> 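The structure follows.
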Amino acid sequence: MAGMDENGTCIVGWAHTPFGRLEDAPDAEALIGRVARAAIEDAGIAPVEVDAIYVGHFNGGFQKQDFPSSLVMQSLPELRFKPATRLENACATGSAAIHGARDFLAAGRGRFALVIGVEKMTAIPGAQVGDVLLGCAYRQEEGDIPAGFAGVFARIAEAYFQRHGDQSDALAAIAAKNHRNGVDNPYAQMRKDLGYDFCRRESDRNPVVAGPLKRTDCSLVSDGAAAMVLTDAETAATLGKAIRFRAAVQVNDLMPISARDITRFEGAREAWRRAYESAGIAVSDLSFAEVHDCFTIAELIDYEAMGLVPEGQGARAVLDGMVQKDGRLPVNASGGLKSKGHPIGATGVSMHVLSAMQLAGEAGAMQVPGATLGGVFNMGGAAVANYVSILERLR
C-alpha cells in the first residue's frame, strides 16, 4: 500500500524557532543555524552521526540567496561532505523534505537524517510577498486575481458559500479558536485571543482582504525555522524518545482550480483516505489533528476532507465545539498557521514537530490530555500538493 511505513521511521529530536518578523535573523542561513544543532542535541546524538540533510525552502524570490542545501554546514562544520538536498512543493515544502528523508532511510542509505524547514519572508515589501506567493497558483489562469493568494482562496470561499450557504459565522469561529489556542504556543507569531466578535465583524482593524475573507481569515507573513531528526524504529528504541510515522501519504492534484471541484479539496480527501487505510484507523481514532489553515476557509473544507463531517457541513465541526481544544477532535491546538504564522518552507516541519511534542507529552500549555494518535495535513497551493501523516508515540 502506497504510504505504508514499512521501516517505521521515527522522529527522535526536534527544534523550533519562534515565528514572526524576526529582525535578528537576517536570512535563512541564520534561521537554519538556530535549529539544526538544537534538533541534533535534542535527539541525543552527535552531529557526525547525521548521514544526510534535507532542507525544505520555498524562497521563490523572498531572498536573493537560493540553493540553501549546504548552508547548514556553516553552523555545523561536522556535516561537511554529507549529502544535502533542498526540496520544494509550495506551502507543503516542509513535508516534501520529510518525505525525502524518509525515503533515504527506507532505502537503507543511512541511519539518521536531519530535516530542516525554513523561510525568511519579511525582508521584502508586502506587495512583493503577494506576487511571490502567487507562484504557488497556476499563473496562466490565476496570476491576475486581485489580492494574490488571498484572492485565490476568496474565490474558493465564494464558490463554497454559493453551494452551501454563507459560512461567515463558521470562518470567524475558526479564526477565534485558533487565536485562542495560539496564546498557549510559545512559538506563535500572534499570541492574542481576539475573540469571536472581533473576527466576525469587518472593522478598520479587521478589513476585508478579498471576497468574504477578512484579515483574521488569513495566515501571517512570517520568518521561522523548524528541524527534526529521523531514524529507523530499531535505532529509535535506543534513544530517549520516538514518535513513529504510522502512515505518510502524498497526493498531488491538477494545478488549475478551473480543472477541479475546488470546494471539495479532492486531493486532500484522497490523501486522508489513503492515510487511514495505511494506518488501519478511522478519523474517530485520532486524538488531535494539525491541519493547513492558510485561510479559515481551508480549515473548514479540511474538516470535510478528513471525514470529520459530511460534505457541506464543515461549519458544524467548529460551531458545535467538536474541534475545540476540549472537543472530540482538537484541531490546531497550536493555533495553526492562523495564529502561529506561516513561513512557507518551515510550516510542514513545524506541524510535525508540534504534533510530536503533543505525543511525547512535551507540549506544555498546548497539551491535549492523553494524546496517543495525531493526524497532520500540510497542503501546497490550493489543495494541489497534499501530505497526510499519522503519528504515534513509540516510546
Side-chain angles (χ1 to χ4, degrees), residues 1-11 95 98-99 102 174 177-178 181 230 233 236-237 241-251 264-293 298-311 313-314 316-334 336 348 350-363 366-379 383 386-395:
M1 167 68 203
M4 188 67 182
D5 201 310
E6 302 293 352
N7 71 332
T9 311
C10 292
I11 307 168
S95 290
I98 292 168
H99 276 238
R102 284 169 35 81
I174 289 168
K177 168 183 71 73
N178 290 351
N181 288 348
L230 299 183
K241 58 190 177 188
I243 306 302
R244 185 172 80 98
F245 283 86
R246 186 127 154 211
V249 170
Q250 176 187 355
V251 169
R264 296 187 72 243
F265 282 12
E266 293 157 290
R269 192 173 291 251
E270 179 63 13
W272 278 107
R273 187 193 67 76
R274 293 184 191 180
Y276 294 146
E277 184 180 334
S278 176
I281 65 161
V283 65
S284 56
D285 295 312
L286 293 175
S287 307
F288 67 90
E290 285 286 321
V291 307
H292 197 98
D293 61 320
E299 180 166 330
L300 185 79
I301 300 174
D302 290 343
Y303 299 151
E304 299 169 19
M306 69 190 295
L308 194 55
V309 287
E311 191 174 323
Q313 296 181 35
R316 263 185 48 214
V318 67
L319 297 177
D320 293 355
M322 195 184 305
V323 294
Q324 302 289 348
K325 193 173 173 186
D326 59 355
R328 198 177 86 210
L329 181 68
V331 173
N332 289 337
S334 68
S350 167
M351 295 170 91
H352 284 80
V353 166
L354 289 161
S355 297
M357 289 170 65
Q358 288 283 359
L359 294 164
E362 295 183 9
M366 293 182 284
Q367 189 67 50
V368 173
T372 57
L373 204 59
V376 178
F377 169 60
N378 183 205
M379 174 173 81
N386 305 275
Y387 292 82
V388 173
S389 299
I390 307 295
L391 301 174
E392 66 181 352
R393 183 173 182 165
L394 182 67
R395 58 171 289 140

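Just so it is clear, the structure is predicted and the values come from calculations on it, not from any experiment.
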> What are the two closest non-hydrogen atoms of Lys177 and Val323, and how far apart are they?
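Looking at all heavy atoms of both residues, the shortest contact is CD-O, 3.5 Å.
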
> Do any side-chain atoms of residues 353-363 form donor-acceptor pairs under 3.5 angstrom with protein atoms, and if so which ones, sequence neighbours left out?
{"unit_1": "Ser355", "atom_1": "OG", "unit_2": "Met351", "atom_2": "O", "d": "2.8"}
{"unit_1": "Gln358", "atom_1": "OE1", "unit_2": "Gln367", "atom_2": "NE2", "d": "3.2"}
{"unit_1": "Gln358", "atom_1": "OE1", "unit_2": "Val368", "atom_2": "N", "d": "2.7"}
{"unit_1": "Gln358", "atom_1": "NE2", "unit_2": "Met366", "atom_2": "O", "d": "2.8"}
{"unit_1": "Glu362", "atom_1": "OE1", "unit_2": "Lys241", "atom_2": "NZ", "d": "3.3"}

> So Phe377 and Trp272, would you call those rings parallel, tilted or perpendicular, with 30° and 60° as cut-offs?
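Correct class here is tilted.
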
> Taking atom NZ of Lys325 and atom OG of Ser334, what is their separation to the nearest 0.5 Å?
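Going from the NZ atom of Lys325 to the OG atom of Ser334 covers 10.0 Å.
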
> Give, for atom CG of Leu391 and atom OG1 of Thr9, the distance between the pair rounded to the nearest 0.5 Å.
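Going from CG on Leu391 over to OG1 on Thr9, the span is 11.0 Å.
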
> Can you tell me how far the CG atom of Asp285 sits from the CG atom of Leu329, to the nearest 0.5 Å?
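It comes to 10.5 Å.
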
> What is the minimum heavy-atom distance between Ala268 and Ala305, and which atoms define it?
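Ala268 and Ala305 have their closest heavy atoms at CB-CB, 4.1 Å.
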
> Do Val376 and Val388 have side chains that approach each other closer than 4.5 Å (heavy atoms only, starting at C-beta)?
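No, too far: nothing below the 4.5 Å cut-off.
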
> For side-chain contact (heavy atoms from CB on, under 4.5 Å), just list the numbers for Phe245 and His352, CA-CA rounded to whole Å, side-chain angles, deciding distance to a tenth of an Å, and then say yes or no.
CA-CA 10 Å; Phe245 283 86; His352 284 80; 3.7 Å; yes

> Who passes side-chain contact (heavy atoms from CB on, under 4.5 Å) against Pro310, sequence neighbours left out?
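Only Gln313, Arg316 meet the side-chain contact (heavy atoms from CB on, under 4.5 Å) criterion with Pro310.
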
> To the nearest 0.5 Å, tell me how far Gln324 CD sits from Leu319 CG.
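Here the rounded value is 9.0 Å.
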
> So, are Arg273 and Glu270 salt-bridged, with charged N and O less than 4.0 Å apart?
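Glu270 and Arg273: salt-bridged.
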
> Considering non-hydrogen atoms only, spot the tightest contact between Arg395 and Ala237 and give its length.
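Nearest pair, atom of Arg395 first, then Ala237: NH1-O, 2.6 Å.
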
> Are any non-hydrogen side-chain atoms of Met379 and Phe265 less than 4.5 angstrom apart?
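In short, these two side chains touch, coming nearer than 4.5 Å.
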
> About how many Å separate OG of Ser95 and NE2 of His292, when rounded to the nearest 0.5 Å?
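So the gap between those two atoms works out to 9.5 Å.
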
> Write down the atom of Gly370, the atom of Ser287, and the distance for their closest heavy-atom approach.
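Taking every non-hydrogen atom into account, O-OG, 4.2 Å.
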
> So Leu286 and Tyr276, side-chain contact (heavy atoms from CB on, under 4.5 Å) or not? Walk me through it.
CA-CA 10 Å; Leu286 293 175; Tyr276 294 146; 4.2 Å; yes

> Spell out, as yes or no, whether a donor-acceptor pair under 3.5 Å connects the side chain of Arg246 to the backbone of Ala279.
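The answer is yes, because a donor-acceptor pair under 3.5 Å joins these two groups.
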
> So Leu300 and Ile174, do their side chains get closer than 4.5 Å, heavy atoms only?
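In contact.
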
> What closest approach, in Å, do Tyr303 and Ala317 show between heavy atoms, and which atom pair accounts for it?
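Shortest heavy-atom separation between Tyr303 and Ala317 comes out as CD1-CB, 3.6 Å.
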
> Which atoms form the tightest heavy-atom contact between Ala236 and Leu394, and what is the distance?
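The answer is CB-CD2, 4.4 Å.
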
> Just wondering, do Glu299 and Val318 contact through their side chains at under 4.5 Å, heavy atoms?
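Val318 does not reach Glu299 side chain to side chain.
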
> Using 0.5 Å steps for rounding, measure from the CD1 atom of Ile301 to the CD atom of Glu266.
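It comes to 11.0 Å.
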
> What verdict does the side-chain contact (heavy atoms from CB on, under 4.5 Å) test give for Asn386 and Gln250, after you've listed the backbone C-alpha separation in whole Å, the side-chain angles of each residue and the deciding distance to 0.1 Å?
CA-CA 6 Å; Asn386 305 275; Gln250 176 187 355; over 6 Å; no

> What I'd like to find out is whether the side chain of Arg264 reaches to under 4.5 Å of the side chain of Glu304, using heavy atoms alone.
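Side-chain contact under 4.5 Å: no.
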
